[in-house]
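To start, the structure under review is shown below, and the notes come after it.
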Amino acid sequence: MANVVDTKLYDILGVSPSVSENELKKAYRKLAKEYHPDKNPNAGDKVREMKTHFPPPPFPSQQFKEISFAYEVLSNPEKKELYDRYGEQGLREGGGCGPGMDDIFSHIFGGGLFGFMGGHGSRSRNGGRRRGEDMVHPLKYELILQPFLQGGKTGAVQKCATCRGRGMRVMIRQLAPGMVQQMQSVCTDCNGEGEVISEKDRCKKCEGKKVVKEVKILEVHVDKGMKHGQKITFGGEADQAPGVEPGDIVLVLQEKDHETFKRDGNDLFINHKIGLVEALCGCQFLIKHLDGRQIVVKYPAGKVIEPGSVRMVRGEGMPQYRNPFDKGDLYVKFDVQFPQNNWISPEKLVELEDMLPSRSEPPIITADTEEVDLQDFDASQSSSSKRREAYNDSSDDEGGHHGPGVQCAHQ
């Protein structure tokens, strides 16, 4: 027996998945003669006499279509392979059916072997039913869903007598002799649905509303490398309603800011502070990575790190989505902290200067040269700031003055 995921098409032809090409042809010819309406016009009576078959088979024209469709798929090696490996979904996505074949799919896969009269409440996407709206949620939200219930006993749903199943009521009002006004409004008895359930037959849980609220927990798997704004879809899990195919729940990932790492695509960026001695003499420091690993970053002695410069650690960024072994890079931007004033004695400064690269040549001082000293800068004590404060301060102005030398025009 061949390993296949679905046998409905094989069952239609009455063969096993390991059938040979010749046996498949023989089975098809036999059924075609039996059910083709032109070759056997009485086949319809034979089908209708099969009282024990449930649900009842379709008339021969429809059954012959399904037989022909099954043979078309199984006699084609490529379509047969798709069907054997992936079933109905493989035929739909792999081009196993042409235009106008949705009805055949609905009959075969929607309600049994010959599902011409399939069960109540079919959820087929191609059965002509309306589709509900998708639900889009951030990942952190809990979701409240409304699963569909029947709303009452089997057969309790009846056509609304007030609107005759239309869901709308038409009222005619006479305005004047020979002049009438026609108004249309939603039927209040059935709320526009065209169907009602008698009170004695209503479901106790939903009170005949056909839906009931319940909390459902969805388990979400966030794969490595997924990004902000990426969506995870749960098909057919949105709010449900009678006669409407439910939409999807779409979860939108929201990436939280990290106190240490910044992300750009698959690359990561961090800022790191080091001292002057580390910038000049090499350094090593510890980083706790996002996955909990402790990594030691080393920079060799003799290579100077300038303030604001950036260095890279290859392969320590974010994993690539669906290829977690391929990672981005980690970029480190250095903030060099210089020592405070009076951190070293004058004698040691001389020794330090001897070890550092030599100074540039000092300027030549002449009789016309004027010497000035640098001082610490405080923005609040700057002369320009004081001038602005004096100009804006009008506390010394006499009444009627709005600035220096400006008088009010009203005398």
Side-chain angles (χ1 to χ4, degrees), residues 224-225 227-228 254-320 324 326-393:
K224 292 182 179 180
K227 300 179 181 179
H228 178 81
Q254 296 183 340
E255 190 173 272
K256 293 182 178 180
D257 293 334
H258 196 273
E259 59 182 7
T260 304
F261 294 89
K262 303 295 183 184
R263 181 180 182 182
D264 184 5
N266 291 331
D267 295 327
L268 291 174
F269 295 80
I270 64 170
N271 293 325
H272 185 70
K273 293 181 180 181
I274 58 174
L276 180 59
V277 65
E278 295 171 301
L280 298 176
C281 304
C283 62
Q284 63 179 14
F285 53 93
L286 196 67
I287 296 178
K288 184 177 181 180
H289 216 314
L290 293 172
D291 56 4
R293 290 181 298 126
Q294 300 280 356
I295 60 174
V296 177
V297 181
K298 296 182 178 181
Y299 196 71
K303 298 186 69 175
V304 177
I305 299 177
E306 303 85 357
S309 61
V310 178
R311 301 293 187 270
M312 179 188 70
V313 181
R314 189 171 299 280
E316 285 297 340
M318 290 291 294
Q320 184 175 337
D326 188 5
K327 298 182 179 180
D329 301 322
L330 172 64
Y331 292 87
V332 182
K333 183 177 181 181
F334 288 97
D335 180 11
V336 180
Q337 304 291 303
F338 284 80
Q340 302 295 321
N341 293 330
N342 303 321
W343 65 282
I344 189 172
S345 65
E347 295 79 10
K348 293 293 183 181
L349 276 176
V350 176
E351 296 179 12
L352 177 62
E353 185 171 351
D354 291 338
M355 292 184 290
L356 294 174
S358 59
R359 297 173 181 266
S360 59
E361 292 294 331
I364 299 175
I365 300 175
T366 64
D368 297 332
T369 305
E370 184 177 351
E371 297 185 25
V372 295
D373 295 326
L374 281 174
Q375 298 180 1
D376 295 336
F377 173 72
D378 186 351
S380 63
Q381 300 299 321
S382 66
S383 58
S384 59
S385 175
K386 291 179 180 179
R387 285 196 298 270
R388 284 194 299 269
E389 290 178 1
Y391 180 81
N392 294 328
D393 187 3

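Values in this document were obtained by computation on a predicted structure and should not be read as measured data.
Each salt bridge (Lys or Arg N to Asp or Glu O under 4.0 Å) pair with one or both residues in residues 354-375, not counting sequence neighbours, appears once here: Glu353-Arg359.
Considering only heavy atoms from C-beta on, Phe285 comes within 4.5 Å of Val332 through its side chain. Using a 4.5 Å cut-off on side-chain heavy atoms (C-beta onward), Lys224 and Gln320 make no contact.
Heavy-atom minimum distance, Glu255 versus His228: N-ND1, 2.9 Å. Here the closest non-hydrogen pair linking His258 and Thr260 is ND1-N, 3.0 Å. Counting all heavy atoms, side chain and backbone alike, Pro319 lies closest to Lys327 at CA-CG, 3.9 Å.
In the displayed structure, Lys303 atom NZ is contacted under 6.0 Å by at most 12 heavy atoms of other residues, nucleotides or ligands. Shown here is Asp291, whose CG atom has more than 12 heavy atoms of other residues, nucleotides or ligands within 6.0 Å.
Here the straight-line distance linking atom CD1 of Ile344 with atom CG of Asn341 works out to 13.0 Å at 0.5 Å rounding. Interatomic distance, CG of Asp335 versus NZ of Lys333, reported as 8.5 Å (0.5 Å rounding). The CE atom of Met318 sits 12.0 Å away from atom CG of Leu330, with the distance rounded to the nearest 0.5 Å.
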Can you give the donor-acceptor pairs under 3.5 Å from side chains of residues 267-279 to other protein atoms, not counting sequence neighbours?
residue : atom : partner : partner atom : Å
Asp267  : OD1  : Asp329  : N            : 2.9
Glu278  : OE1  : Gly275  : N            : 2.7

Output side-chain donor-acceptor pairs under 3.5 Å for residues 308-316, partner residues at least two apart or in another chain, one line each.
residue : atom : partner : partner atom : Å
Ser309  : OG   : Glu306  : N            : 3.4
Ser309  : OG   : Glu306  : O            : 2.6
Ser309  : OG   : Arg311  : NH1          : 3.4
Arg311  : NE   : Tyr299  : OH           : 3.0
Arg311  : NH2  : Tyr299  : OH           : 3.4
Arg311  : NH2  : Val304  : O            : 3.3
Arg311  : NH2  : Glu306  : OE1          : 3.4
Glu316  : OE1  : His289  : NE2          : 3.4
Glu316  : OE1  : Arg293  : NH2          : 2.7

Quick one: do Ile295 and Lys288 satisfy side chain to side chain contact (heavy atoms under 4.5 Å, CB included)? Show the steps, please.
-> CA-CA 6 Å; Ile295 60 174; Lys288 184 177 181 180; over 6 Å; no
